[in-house]
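Step one of this worksheet: look at the structure below.
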Amino acid sequence: MRAMSRNDLLLFLGFTLVVLAMPLWLQPFGAAYPDLLQRFMIFGIFAVGFNILFGLTGYLSFGHAAFFGVGSYAAVWSFKLLSLDAIPAMLFAIVVSGLFALLIGYVSLRRSGIYFSILTLAFAQMSYNLAYSVLTPITNGETGLQLTLNDPRYLDAAMGSAQAGQPVPTLLGQSLGGFAGFYFCAGFLILAFFIAQRITNSPFGMMLKGIKSNQTRMNYTGFNTKPYTLAAFVISGMYAGLAGALLAVTDPLAGAERMQWTASGEVVLMTILGGAGTLVGPVIGAWLIKYFENIFSAINDTMLHRFWGFLPEGADNVMVAITSKFVGEGWFLTLGLVFVLIVVFLPGGIMEGVRRIAHLFNRQRKSPDRPASQVQPAE
Amino acid sequence: MTNPNVVLHVADVHKRFGGLHALADIDLQVEEGQTHAIIGPNGAGKSTLLNVIIGKLAPTSGTVVFDGAILTGRKPYQINQLGIARVFQTPEIFADLSVLHNVMIPALAKRDGAFKLNMLRGLDSETGILREAQDMLEDVGMYGRRDMAAGSLSRGDKRRMELAMCLIQHPRLLLLDEPTAGMSRHDTNTTIELLKKIKSRGMTKVIIEHDMHVVFSLADKISVLAQGRIIADGTPDQVRGNPKVQEAYLGGAH
């Protein structure tokens with residue numbers, strides 16, 4: 001029994017290499033600083049998990065930010081009550097968000113299609129409002145939940161490893177700032193990708209694809225589809241919780257705005273942009289959107305003038321005037337435009353574009369000794 | 001139930017849709033290993049009857065018993081797990097998945113039951129299921145198309161694949177809803193051959209069909225349905241000679 005096919009192993013190793021080498025190959029793009037790299041990892045995990053529910057099972061949740069937020073709150077509470085170590089915080093966050101997903105999933109999955117989406121959206125907005133106002137003792141409302149010098153941290157106190165100064169999350173006593181934080185998050189992204197890959201290639205994963213393709217046939221084939229969809233929902237909720245916890249590790253402040261519908265919508269965009277149902281696509285989508293958000297929104301007119309400087313006098317001013325609308329504050333315009341183009345011309349996202357190009361090359365290479373009948377490949 | 005060979009017994013089933021009495025006083029006994037055809041003009045209630053048997057519709061009154069187990073009130077997946085598979089009038093297949101995976105999914109349902117959280121095993125290591133699926137596709141003559149997306153198959157091939165999806169579960173009872181509807185004469189004949197081949201495997205079959213050529217080449221028993229009632233029951237020869245049947249159906253059609 002092979003653990004993985006050769007292609008899967010290559011994909012996994014390639015992915016690992018690309019992730020770990022990010023501080024190097026992102027240098028020319030001006031994106032190789034820890035804060036952004038950490039965010040690449042965190043939202044990559046979020047999107048990979050979201051894809052298990054949306055891409056594989058075909059259930060579009062518009063409320064996954066709720067689990068992300070719950071993960072953040074749970075992690076910060078673990079820092080406050082238990083220990084500043086990241087590991088208990090992560091475990092606690094995954095368990096809490098998993099239970100939360102079980103509850104919401106159990107109710108929401110009684111419906112499918114648009115009704116399911118609306119239910120998840122309603123639950124997420126409910127969670128957001130609870131976090132913002134009603135549950136202030138737990139969430140600290142508007143201000144956000146943060147660490148203070150007076151936190152009890154019973155586990156740390158019992159171990160006698162009390163820290164002096166401003167409390168920050170650690171891993172076995174080591175600081176998780178800067179690139180250490182990046183590699184910590186990268187480890188989890190690689191693990192998250194590995195698990196998603198195993199799920200996709202397992203019989204369970206095939207059942208999820210079957211549910212997406214034809215739920216009626218699944219029922220008449222002898223499958224009880226409810227527990228399958230619930231399992232997918234809980235797994236993706238735990239992924240979101242893990243991502244939320246990592247965000248709390250790198251920046252120990254949990255606010256309610258993380259649960260807002262815009263945050264839920266963002267992960268949907270990431271997944272579709274990269275390619276729903278593919279393994280790598282959602283990660284690429286997450287990276288691209290976070291890249292746009294951080295780099296494009298920082299570009300100003302001076303930088304544009306330098307960029308278009310090679311054009312003749314006058315022409316560069318025109319170009320600057322046009323392009324300045326799409327950067328800085330206007331980067332949402334670029335995002336929207338790219339998204340529209342992708343959905344219209346490449347409904348399968350960036351990964352479909354990659355596949356089409358690869359297909360084109362293959363056909364050119366093989367055309368002389370191959371009959372014209374092109375067999376349509378399965379997904 | 002006096003006949004011990006009866007495996008499926010539809011007893012006193014009524015089905016009303018508002019004022020419409022779609023099925024009235026249906027009593028149907030299907031014997032083990034036989035091919036039982038249900039025929040009748042359009043709107044006679046054939047599909048309704050099949051939907052009641054498979055659990056898609058609940059009868060207004062009456063019960064359906066399969067091998068001692070009451071089917072009424074069970075969910076479609078539970079009915080399948082008892083050993084009943086169904087071919088639909090419009091093929092219900094996994095259009096996005098490959099032909100091979102389409103056939104592997106039912107094989108996994110048969111082996112693993114209604115739910116199993118097996119996400120750590122790779123699909124590649126399911127060699128038993130893989131071989132079973134390949135043999136099945138070989139049997140129905142579709143092995144060469146195993147890597148194609150099921151959605152891109154021709155209509156006849158979709159039906160054949162759906163039949164393979166049912167057969168791989170080795171069901172005790174196979175329900176076929178107009179398996180040759182909309183097929184060319186050639187495709188119809190290949191399907192008849194295929195169904196004859198599986199007839200020798202001793203599986204019980206209930207078949208709903210319009211095409212008399214198909215019915216008389218396959219059926220051991222025929223029940224004629226008209227306006228929600230069974231008006232005749234018997235061997236093909238008995239049914240052919242029944243004047244009531246000729247009046248209700250055959251006379252008009254031929």
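All chains are named by letter (A, B, ...) in the order of the sequence lines, taking the proteins before the strands, and each is independently numbered beginning at 1. All values below were derived from every heavy atom in this structure, side-chain atoms included, with hydrogens, water molecules and symmetry-related copies excluded.
Among residues two or more places apart in sequence or in another chain, the ring-ring contact (aromatic ring centres under 6.0 Å, His included) test is passed with A:Tyr228 by A:Phe204, A:Phe223, B:Phe115.
Here the straight-line distance linking atom CG of B:Leu97 with atom NZ of A:Lys209 works out to 7.0 Å at 0.5 Å rounding. Interatomic distance, CG of B:Asp124 versus CG of A:Asn7, reported as 9.5 Å (0.5 Å rounding).
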Show me the donor-acceptor pairs, under 3.5 Å and distance only, between side chains in residues 49-56 of chain A and residues at least two apart or in other chains.
residue: A:Asn51; atom: OD1; partner: A:Gly277; partner atom: N; Å: 2.7
residue: A:Asn51; atom: ND2; partner: A:Thr278; partner atom: O; Å: 3.0

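Within the 4.5 Å cutoff, the side chain of A:Arg198 has no heavy atoms near those of the B:Met119 side chain. Contact check for B:Phe94 versus A:Arg217: side-chain heavy atoms found under the 4.5 Å cut-off. Counting only heavy atoms from C-beta outward, the side chains of A:Met206 and B:Leu123 approach each other to under 4.5 Å. A 4.5 Å side-chain heavy-atom check between A:Thr221 and B:Lys110 finds every atom pair outside the cut-off.
Between A:Gly222 and B:Asn80, the shortest heavy-atom distance links the atoms CA-OD1, 3.3 Å. The nearest pair of heavy atoms linking A:Asn214 to B:Ile93 is ND2-O, 3.0 Å. Taking all atoms of both residues into account, the shortest heavy-atom contact from A:Ser213 to B:Ala95 is OG-N, 3.2 Å. Nearest heavy atoms, A:Gly210 versus B:Ile105: CA-CD1, 4.3 Å.
Taking a 6.0 Å sphere around CD1 of B:Ile70, one finds it holds 12 or fewer heavy atoms contributed by other residues, nucleotides or ligands. For CZ of B:Arg111, the number of neighbouring non-hydrogen atoms (other residues, nucleotides, ligands) closer than 6.0 Å is greater than 12. Residue A:Tyr115 places its OH atom among 12 or fewer non-hydrogen atoms of other residues, nucleotides or ligands, all under 6.0 Å distant.
For a residue to count as touching a neighbouring chain, one of its non-hydrogen atoms must lie under 4.5 Å from one of that chain's; by this rule A:Ile235 touches chain B with the side chain only. With a 4.5 Å cut-off on non-hydrogen atoms, B:Leu100 does not touch chain A at all. Contact of A:Met218 with chain B is made through backbone and side chain together, with heavy-atom distances under 4.5 Å. For chain A, the nearby parts of B:Lys56 are the backbone and the side chain; heavy atoms of each come within less than 4.5 Å.
Two rings, from B:Tyr77 and A:Tyr220, have their centers 6.0 Å or more apart.
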